[in-house]
Asker: 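Okay, handing you the structure first.
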Amino acid sequence: MSNVRRAAVVLSALSALALTACGPAEDDAAAGTGTPTASPTTSASAAPSATAAPSKAAKPPASPSKGAPSDPDFNVFPCGTNDLKFTASLADPTTSSYLLKITNKGTKPCKALGHPVVTFGDLDGQATERGTAPGIEAALRLAPGQTAYAGLMGGAKDGKGKTVNWIAMTMNTESDLEQTPLKASTPGLYVSPDKNSVTPWVDNAEDALSL
């Protein structure tokens, strides 16, 4: 085979190979069926978001202080005879009336409630209540060393009563608190049935004898 012929055969083979390699791609491109290349898009989630300013946390409500309650009398209890010193002094000889006096001898305040409970020597019965006493909330508060007064009114000497030389007193505590009666001397006190009365505890002697 001559050199010219050999060259022609080689060129023919190379042309066939070139057509085989380029044919499908070009056909696809011409037909428009090739796979399009996706262009990058910007996702909404990819966009930088504004940084929210930190919110100020709400302060919890202030808790009530754990100190003593606002009522200064929340732990002040009724006075019993163990807390007190008791005396009786003649106030009016013509009516045989006596001024009763109690003093807080303890170390804590207490409340003098209502009327004193007064009995007469060895006689039965007790003095009737005279005047209106305040309720427990408004009762007289006795600090250590403070004093309260009540008036014991004597009965008229009508020949129906008896004379006693001492009385005994207990406190109204509105409870079953056991008390030892406090005694005081009352020379010549005339006790007439249902005529002897006692006023509520007050903070001065004048009111005690005028109620």
Side-chain angles (χ1 to χ4, degrees), residues 68-156 161-211:
S70 58
D71 181 4
D73 290 343
F74 79 103
N75 63 347
V76 178
F77 300 100
C79 302
T81 54
N82 291 337
D83 305 311
L84 305 170
K85 178 182 177 182
F86 172 60
T87 61
S89 56
L90 184 61
D92 186 350
T94 60
T95 60
S96 193
S97 297
Y98 279 79
L99 177 67
L100 310 184
K101 176 182 175 182
I102 55 171
T103 302
N104 183 355
K105 67 177 184 179
T107 59
K108 296 180 179 180
C110 63
K111 285 189 173 184
L113 301 187
H115 298 73
V117 180
V118 179
T119 57
F120 304 99
D122 295 324
L123 302 179
D124 294 332
Q126 64 188 49
T128 60
E129 294 181 354
R130 180 189 185 99
T132 302
I136 188 171
E137 296 296 329
L140 187 59
R141 184 181 191 272
L142 298 183
Q146 283 191 322
T147 296
Y149 304 88
L152 177 63
M153 308 307 170
K162 293 183 179 180
T163 300
V164 298
N165 293 320
W166 60 275
I167 60 173
M169 187 277 300
T170 55
M171 297 293 291
N172 176 8
T173 63
E174 296 189 354
S175 71
D176 56 358
L177 176 69
E178 293 187 8
Q179 301 182 73
T180 300
L182 300 178
K183 295 182 178 181
S185 176
T186 55
L189 173 61
Y190 190 79
V191 180
S192 181
D194 301 324
K195 297 293 180 65
N196 299 83
S197 61
V198 65
T199 66
W201 296 112
V202 294
D203 60 2
N204 66 89
E206 183 178 355
D207 286 346
L209 294 172
S210 61
L211 290 176

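Counting from 1, the numbers follow the sequence of the chain as shown.
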Asker: Mind jotting down which residue pairs meet the side-chain hydrogen bond (donor to acceptor under 3.5 Å, both in side chains) criterion with at least one end in residues 76-85? Sequence neighbours excluded, please.
Answerer: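 Every candidate side-chain hydrogen bond (donor to acceptor under 3.5 Å, both in side chains) pair involving residues 76-85 fails, so no pair, neighbours aside, qualifies.
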
Asker: Could you measure the distance from the OH atom of Tyr98 to the CD1 atom of Ile167? Nearest 0.5 Å is fine.
Answerer: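 Going from OH on Tyr98 over to CD1 on Ile167, the span is 8.5 Å.
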
Asker: Side chain to side chain donor-acceptor pair (under 3.5 Å) with Ser175: which residues, sequence neighbours excluded?
Answerer: Thr173

Asker: Residues two or more places apart in sequence or in another chain: which of them pass side-chain contact (heavy atoms from CB on, under 4.5 Å) with Pro144?
Answerer: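 Listed in chain order: Asn104, Pro109.
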
Asker: Which atom pair, heavy atoms only, marks the closest approach of Leu189 to Gly154?
Answerer: CD1-CA, 4.4 Å

Asker: Using the side-chain contact (heavy atoms from CB on, under 4.5 Å) criterion, which residues pair with Ala205? Sequence neighbours excluded.
Answerer: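 side-chain contact (heavy atoms from CB on, under 4.5 Å) list for Ala205, sorted by chain: Leu99, Tyr149.
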
Asker: Go through the structure and list residues passing side-chain contact (heavy atoms from CB on, under 4.5 Å) with Asp207, not counting sequence neighbours.
Answerer: Val202, Asn204, Ser210

Asker: Any donor-acceptor pair under 3.5 Å linking the side chain of Asn172 with the backbone of Glu174?
Answerer: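 Between the backbone of Glu174 and the side chain of Asn172 there is a qualifying donor-acceptor contact (under 3.5 Å).
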
Asker: Any side-chain heavy atom of Thr199 sitting closer than 4.5 Å to one from Met153?
Answerer: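 The answer is yes, as the side chains (C-beta and beyond) meet within the 4.5 Å cut-off.
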
Asker: Can you list every pair that meets disulfide bond (SG atoms under 2.5 Å apart) and has a residue in residues 178-211, with sequence neighbours left out?
Answerer: none

Asker: For the residue pair Thr128 / Ser197, report whether a side-chain donor-acceptor contact shorter than 3.5 Å exists.
Answerer: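 Per modelled atom types, Ser197 and Thr128 side chains form no pair under 3.5 Å.
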
Asker: Listed by chain and number, what are the side-chain contact (heavy atoms from CB on, under 4.5 Å) partners of Pro200, not counting sequence neighbours?
Answerer: His115, Ala133, Leu211

Asker: Looking at every heavy atom in both Ile102 and Ala112, which two are closest together, and how far apart are they?
Answerer: CD1-CB, 4.2 Å

Asker: Which residues satisfy the side chain to side chain donor-acceptor pair (under 3.5 Å) test with Ser97, sequence neighbours excluded?
Answerer: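 Ser97: side chain to side chain donor-acceptor pair (under 3.5 Å) contacts with Thr95.
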
Asker: Which residues pass the side chain to side chain donor-acceptor pair (under 3.5 Å) test with Ser89, not counting sequence neighbours?
Answerer: none

Asker: Mind listing the closest non-hydrogen atom pair of Ala184 and Phe86 along with its distance?
Answerer: CB-CE2, 3.5 Å

Asker: For Thr170, what residues pass the side chain to side chain donor-acceptor pair (under 3.5 Å) criterion, not counting sequence neighbours?
Answerer: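 Thr170 satisfies side chain to side chain donor-acceptor pair (under 3.5 Å) with no residue once adjacent residues are dropped.
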
Asker: What side-chain donor-acceptor pairs closer than 3.5 Å can you find for residues 119-126, not counting sequence neighbours?
Answerer:
none

Asker: Of all the heavy-atom pairs spanning Trp201 and Pro116, show the shortest one and how long it is.
Answerer: CZ2-CB, 3.3 Å

Asker: Which residue pairs pass the disulfide bond (SG atoms under 2.5 Å apart) test when at least one of the two sits in residues 93-144, sequence neighbours left out?
Answerer: Cys79-Cys110

Asker: Hey, what do you get for OG1 (Thr186) to CG (Leu100), rounding to the nearest 0.5 Å?
Answerer: 9.5 Å

Asker: At what distance, to the nearest 0.5 angstrom, does CG of Leu152 lie from CZ of Arg130?
Answerer: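 Between Leu152 CG and Arg130 CZ, I get 10.5 Å after rounding to 0.5 Å.
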
Asker: Indicate the atoms forming the closest heavy-atom contact of Gly80 with Leu177, along with that distance.
Answerer: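 For Gly80 versus Leu177, the nearest heavy atoms are CA-CD2, 4.2 Å.
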
Asker: With no hydrogens and no angle check, is any side-chain donor or acceptor of Lys111 less than 3.5 Å from a backbone partner on Ile136?
Answerer: yes

Asker: First locate atom OG of Ser96, then atom CG of Leu90, and finally report the distance between them rounded to the nearest 0.5 Å.
Answerer: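 Atom-to-atom, Ser96:OG and Leu90:CG are 6.5 Å apart.
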
Asker: What heavy-atom pair brings Gly188 and Asn165 nearest, and what distance separates the two atoms?
Answerer: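 What the structure gives for the nearest pair is N-OD1, 3.4 Å.
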
